Amino acid sequence: MAGSRTVKTLLTLLVAMTFGTIALMALETAPIHPPVRNLAAVAPVAEAPAQVVYATEIPIQPLKWRNIVIHSTAGEPGVVGRCHFVVHPVASGMTEAVEATAFWKHQLESRHTNIPGRDYNTDSIGICLVGDFHRQQPPPGQLQMLIALVHVLQRQFNISADHIYLHSELDADSQSPGAAFPAERFTASLLRPDR
């Protein structure tokens, strides 16, 4: 009798679990996916560049990077493909306003400068702003993203403000990032030891 009671209990349990599984499968819905948003709108400005900086495919090499050089696409054709970071206008439809290139993701030096007498490519991070800043300044959001990115890099690699250059400061033949680029405001925003 005890054997038949055990069998009945197990069969009842099996039937209940089967019907329960069928009921749950009938109620299952497709997963809800959040809409794709501009990273700048989702994360605070200071966090967006940090996420891009630390998303490398090999460990970051903190002793390698000593300088930062700022470029623009209008001043130097093809420079986007030679820089470590690209800063797009925030409203450009990009999912991220700051993009790391393969050079950064693999911690490789690139050929973003061609300065006689000093090879800045070996120890400099190249940042390219998308746009023509010869007649107009970068949009405020793009400039804010650039400053936030530079701050993250300054902190991570202990890069002082006097090692951050506009390309035109290093190369007399270059006007990059452009005559309208707010150089004084950008320089004033850089982190200093007392900040």
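The residues of the chain are indexed from 1 along the displayed sequence. Predicted, not measured: the structure shown is a model, and the values here were computed from it.
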> Where do Leu191 and Arg155 land on the side chain to side chain contact (heavy atoms under 4.5 Å, CB included) test, with the steps shown first?
Replying inline: CA-CA 8 Å; Leu191 299 179; Arg155 287 185 186 105; 3.8 Å; yes
> Please walk me through it: do Ile164 and Val150 pass side chain to side chain contact (heavy atoms under 4.5 Å, CB included)?
Replying inline: CA-CA 9 Å; Ile164 299 171; Val150 170; 3.7 Å; yes
>> Show, in sequence, the C-alpha distance, side-chain angles and deciding distance for Leu146 and Phe181, and conclude whether the side chain to side chain contact (heavy atoms under 4.5 Å, CB included) test is met.
In response: CA-CA 12 Å; Leu146 170 66; Phe181 181 81; 3.9 Å; yes
> What do the steps show when you test His88 against Gln142 for side chain to side chain donor-acceptor pair (under 3.5 Å), and what is the final call?
Replying inline: CA-CA 6 Å; His88 299 274; Gln142 186 178 24; over 6 Å; no
>> Walk me through whether Val7 and Leu10 qualify under side chain to side chain contact (heavy atoms under 4.5 Å, CB included).
In response: CA-CA 5 Å; Val7 172; Leu10 289 175; 5.9 Å; no
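Between the side chain of Ser124 and the backbone N or O of Asn121 there is no donor-acceptor pair closer than 3.5 Å. Of the possible polar contacts, none joining the Thr187 side chain to the Glu184 backbone as a donor-acceptor pair under 3.5 Å is found. Using a distance-only test at 3.5 Å, with no hydrogens or angles considered, no donor-acceptor pair links the side chain of His134 to the main chain of Gly178. Under the 3.5 Å distance criterion, the side-chain polar atoms of Ser72 are matched with a main-chain donor or acceptor of Pro177.
Shortest non-hydrogen contact noted between His71 and Thr113 is CE1-CG2, 4.0 Å. Closest of all the heavy-atom pairs between Arg82 and Ser110 is O-OG, 2.6 Å. Shortest non-hydrogen contact noted between Leu190 and His151 is CA-NE2, 4.1 Å. Pairing each heavy atom of Val52 with each of Val98, the nearest pair is CG2-O, 3.4 Å. Here the shortest heavy-atom pairing between Phe103 and Glu109 reads CD2-O, 3.7 Å. Across all non-hydrogen atoms, the minimal contact from His163 to Asn67 is ND1-OD1, 2.8 Å.
One finds the CG atom of Leu166 at 12.5 Å from the CG atom of Asp171 (value rounded to the nearest 0.5 Å). The line from CD1 of Ile159 to CH2 of Trp65 is 9.5 Å long, rounded to the nearest 0.5 Å. Note that CG of Leu108 is 6.0 Å distant from NZ of Lys64, once rounded to the nearest 0.5 Å. Annotation: the span from Leu143 atom CG to Gln137 atom CD amounts to 7.5 Å, rounded to 0.5 Å. Interatomic distance, Leu13 CG to Thr18 OG1, rounded to the nearest 0.5 Å: 9.0 Å. A distance of 9.5 Å separates OG of Ser176 from CD1 of Ile70, quoted to the nearest 0.5 Å.
Shown here are the ring pair (Phe, Tyr, Trp, His ring centres under 6.0 Å) partners of Phe133, two or more places apart in sequence or in another chain: there are none.
The cluster map of Ile, Leu, Val, Met, Phe, Trp and Tyr, joined by side-chain heavy atoms under 4.5 Å apart, puts Ile125 and Phe186 in the same cluster. By the rule that hydrophobic residues join a cluster once side-chain heavy atoms approach within less than 4.5 Å of another member, Tyr165 and Val79 end up as members of separate clusters. Taking hydrophobic clusters as Ile, Leu, Val, Met, Phe, Trp and Tyr residues chained together by side-chain heavy-atom distances below 4.5 Å, Phe157 shares a cluster with Leu149. Met145 and Ile68 end up in the same hydrophobic cluster when Ile, Leu, Val, Met, Phe, Trp and Tyr side chains are linked at under 4.5 Å. A continuous path of ILVMFWY side-chain contacts below 4.5 Å connects Tyr54 to Ile127, so both sit in one hydrophobic cluster.
Atom CD of Gln156 is surrounded by more than 12 heavy atoms from other residues, nucleotides or ligands within 6.0 Å.
The aromatic rings of Trp104 and Phe85 are tilted relative to each other, their planes meeting at an angle between 30° and 60°.
In this structure the side chain of Asp119 reaches within 4.5 angstrom of the side chain of Arg111, judged on heavy atoms.
Side-chain contact annotation: Ser174 with His167, donor-acceptor N/O pair under 3.5 Å present.
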